[in-house]
There are 2 protein chains.
Amino acid sequence: MNGRILNASRAPVRQSSVRAHNLALVLQTVANSANRPSRAAIAGSTGLTRATVSALVDDLIAGGLLTEHDPAPRTGAGRPAAGLALSSEGPAGLGLEINVDYQAACVVDLTGVVRHRFVARGDQRLLSPAAALAELDVLAVRARSAAEADGLTLAGAALAVPGLVAPGGLVRVAPNLGWQDVRVPELAGLPITVDNEANLAALGELRADGTEPSFVYVSGEIGIGAGIVLDGVLYRGGRGWSGEIGHVTVYPDGRPCRCGANGCLEQYAGQEAVAADPDLAAAALGIALSAVVNLLDLGVIVLGGGYAPEFARLSEGIEAELRRRVLTAGLAPVTVRPAALGADAAMLGAADAVIRDVQEDPAGWLARAQAV
Amino acid sequence: MNGRILNASRAPVRQSSVRAHNLALVLQTVANSANRPSRAAIAGSTGLTRATVSALVDDLIAGGLLTEHDPAPRTGAGRPAAGLALSSEGPAGLGLEINVDYQAACVVDLTGVVRHRFVARGDQRLLSPAAALAELDVLAVRARSAAEADGLTLAGAALAVPGLVAPGGLVRVAPNLGWQDVRVPELAGLPITVDNEANLAALGELRADGTEPSFVYVSGEIGIGAGIVLDGVLYRGGRGWSGEIGHVTVYPDGRPCRCGANGCLEQYAGQEAVAADPDLAAAALGIALSAVVNLLDLGVIVLGGGYAPEFARLSEGIEAELRRRVLTAGLAPVTVRPAALGADAAMLGAADAVIRDVQEDPAGWLARAQAV
DNA sequence: TGGGATTTGTTTATTGGTTGAATTATTTGG
DNA sequence: CCAAATAATTCAACCAATAAACAAATCCCA
């Protein structure tokens with residue numbers, strides 16, 4: 001039970017790592033609580049002692065990650081508990097998005113509340129990548145000032161892009177933007193991570209409806225992308241290029257695709273195809289998603305992006321194919337549902353990725369905050 | 001760098017967990033070394049101090065997991081190092097397999113050497129599940145006696161089955177055995193885990209060629225299964241039913257499959273189909289594997305089971321489809337290779353799964369060994 | 001042949017972090 | 001107003017890793 005291995009990582013563990021882990025454990029316990037838990041409640045649910053939890057909470061409060069509140073509930077005898085909650089004045093995340101016809105930025109605080117939101121409409125394909133990024137920098141700087149006016153410190157930024165992203169913020173290809181091998185620089189003077197829009201939207205969905213640890217999020221825009229979340233962790237693939245469901249073959253000898261192959265899902269369930277023939281799109285989606293479920297045994301499929309508003313027209317056709325083609329459909333249910341987040345999903349997921357990093361490694365944040 | 005989070009697990013961490021982790025770290029470092037590393041070399045490659053490594057190694061030697069050897073190499077000045085190696089007299093794993101026309105058992109020691117091997121040929125479909133398991137128990141007891149005669153202690157057993165396995169050793173369906181909802185009991189008095197044959201074969205492959213952390217192992221027997229290994233960890237799926245590549249749709253309106261759908265891979269690349277038309281099989285495999293790579297971004301595909309001997313006839317056709325249908329084929333290579341292990345892969349993988357458990361949690365083994 | 005250089009492995013005091021028990025704090029209920 | 005109950009803190013003990021000094025065993029060179 002105890003004394004189990006921590007993980008398979010090839011790193012030595014010392015006492016400071018213990019504290020780092022337990023700090024994250026406490027912080028995440030608070031983050032995942034519906035109400036405001038007391039130190040004693042945290043001790044109970046984590047298995048740590050009250051003494052340890054007290055010490056950890058002190059650090060988290062001092063570092064501006066938690067705040068102490070009045071003992072809202074009033075039950076039975078005993079000293080009333082002090083409720084703990086994520087601080088809404090601690091670090092915040094800057095979420096950015098570039099898409100075909102708009103740019104957007106948002107500031108999300110540690111509690112998940114969207115504090116600011118900026119959108120600039122305009123066809124990005126008319127701009128060079130450098131010009132587009134310069135414009136995005138203006139938006140980012142504006143968001144940063146707004147955050148600082150609220151007393152928030154931005155912990156970092158994440159940018160959602162409709163394309164293939166290599167490590168280090170290098171956009172290899174973003175066909176619908178016309179980008180190729182574009183390196184994204186610092187924006188608003190913040191360290192930035194760049195990721196595929198479907199991946200980040202999946203992370204946003206994970207936060208919005210945290211009950212399901214494993215699911216696939218399918219985003220239907222001009223292209224089709226998927227974010228795969230396994231056990232609460234976004235799966236990025238060996239080289240960061242997972243989730244290219246748009247180019248899964250549906251009809252081997254079917255319509256030619258711009259990628260050079262024939263019968264890619266994108267040709268049957270892209271934006272135009274959905275508008276032209278929703279039934280065909282649903283069948284094609286159902287075939288491709290059956291492959292996903294047969295391979296990965298995921299119980300939940302989330303339809304996002306352009307699919308969300310079309311959900312009513314698509315779900316029946318998709319589910320019919322799943323019933324027919326998923327081997328274990330009779331043994332375990334597969335549910336299809338629309339995304340909880342709307343068009344902002346990728347940007348919100350980006351901001352969320354930043355604060356997720358802080359929540360997963362509060363010790364790192366405290367050390368950085370200390371250093372400044 | 002240091003002070004990073006250990007993992008996302010929701011468990012408290014105490015000093016004993018630190019020791020458990022570092023014990024595993026040292027043991028795995030020895031396991032993954034080509035030569036026999038010294039304590040100082042382990043300290044160097046893990047980042048632990050020599051003092052700590054010494055203490056950990058003492059525990060591992062006392063527990064029969066490591067042995068100390070003479071300073072084989074002779075290089076330069078300084079006190080000669082004592083070489084450390086996995087003990088070949090410590091815990092061992094019992095690997096079991098039931099397939100259509102045979103049963104098999106093997107004993108593999110901690111170093112990975114196959115110490116004993118037993119096979120009983122015979123059509124399992126003529127036996128009831130209970131009778132087949134009783135026969136397997138005979139084999140298991142024989143293997144256990146042989147192991148004990150060598151001074152080996154079996155740490156556990158794992159059984160490979162061609163079918164869908166639910167947690168708790170419940171075989172939900174094994175179509176080619178004619179099994180349905182069969183619960184596997186203790187065999188030879190050992191705790192047993194039951195798993196799909198492709199999953200275990202993939203684990204065996206991971207051990208046999210440990211250089212690639214992420215790959216898919218495809219096993220072509222009567223049915224077709226896949227074991228998916230992501231970052232060195234077997235991915236089992238939300239409910240344990242991942243890797244059903246045999247029922248990925250290749251031709252949506254194609255041949256009817258026994259599962260009720262049409263155009264499943266199994267109908268085009270099962271044993272009979274490969275014999276009848278290798279080119280068709282290769283094309284179908286290529287289409288299905290393209291979906292796997294598009295979704296998961298895996299760089300290596302291992303062809304095992306019945307595909308391994310047919311590799312020369314299949315690889316060209318598979319690679320052609322991959323080149324055509326994998327979106328990122330131009331950016332990152334996908335290699336296809338035959339399995340390193342032969343027909344025994346699943347059974348060896350099963351035995352390996354047992355000793356893998358010991359290697360990943362030596363502290364647990366030491367505690368159990370202590371208790372006896 | 002002998003002494004310094006070099007590397008391995010052990011010993012010892014120190015440090016950091018959790019635990020468990022005792023203590024303090026604050027409320028409810030009789 | 002006191003006892004029971006619950007929350008939170010304090011403090012000594014313990015465990016595991018670290019750093020630095022030390023012991024052991026070899027090589028190399030004069």
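Below, chain A is the first sequence line, B the second, and so on; all start at residue 1.
- Not counting sequence neighbours, the partners of A/Ala157 by the side-chain contact (heavy atoms from CB on, under 4.5 Å) test are A/Leu94, A/Leu96, A/Leu190, A/Ile192.
- Computed from coordinates, the B/Ile42 CD1 to C/dG9 P distance equals 9 Å when rounded to whole Å.
- Evaluation of the side-chain contact (heavy atoms from CB on, under 4.5 Å) rule for A/Thr193 yields A/Ala158 as partners, not counting sequence neighbours.
- Going from atom CG of B/Asp70 over to atom P of C/dT8 covers 17 Å, rounded to whole Å.
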Using a 4.0 Å cut-off on protein heavy atoms (strictly under), produce a 5'-to-3' string for nucleotides 14-20 of chain D with B for base contact, S for backbone-only sugar-phosphate contact, and - for none. -BBSBB-
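- Legend: residues meeting side-chain contact (heavy atoms from CB on, under 4.5 Å) with A/Ala146, ordered by chain and number and at least two apart, are A/His116, A/Phe118.
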Please list, for nucleotides 4-8 of chain D, all pairs of protein and nucleotide N/O atoms separated by less than 3.5 Å.
from  : atom 1 : to      : atom 2 : distance (Å)
D/dA5 : N3     : A/Gly78 : N      : 3.4
D/dT6 : O2     : A/Arg79 : N      : 2.7
D/dA7 : O4'    : A/Arg79 : O      : 3.2
D/dA7 : N3     : A/Arg79 : NH1    : 3.3
D/dA8 : OP1    : A/Ala82 : N      : 2.7
D/dA8 : OP2    : A/Arg39 : N      : 3.1
D/dA8 : OP2    : A/Ala40 : N      : 3.1
D/dA8 : N7     : A/Arg50 : NE     : 3.2
D/dA8 : N6     : A/Arg50 : NH2    : 3.1

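- A/Asp352 is linked by a salt bridge (charged side-chain N to carboxylate O under 4.0 Å, His left out) to A/Arg207, A/Arg356, counting only residues two or more places apart in sequence or in another chain.
- For B/Asp109, the salt bridge (charged side-chain N to carboxylate O under 4.0 Å, His left out) partners two or more places apart in sequence, or in a different chain, are B/Arg115.
- Checked against side-chain contact (heavy atoms from CB on, under 4.5 Å), B/Ala208 has the following partners two or more places apart in sequence or in another chain: B/Ala340, B/Leu341.
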I'd like a table of donor-acceptor pairs (distance under 3.5 Å, sequence neighbours excluded) in which one partner is a side-chain atom from residues 51-64 of chain B, with atom names and distances.
from    : atom 1 : to      : atom 2 : distance (Å)
B/Thr52 : OG1    : B/Thr49 : OG1    : 2.9
B/Ser54 : OG     : B/Arg50 : O      : 3.4
B/Asp59 : OD2    : B/Arg19 : NE     : 3.4
B/Asp59 : OD2    : B/Arg19 : NH2    : 3.3

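- Taken from CG in A/Leu65 to CG in A/Leu23, the straight-line distance is 9.0 Å, to the nearest 0.5 Å.
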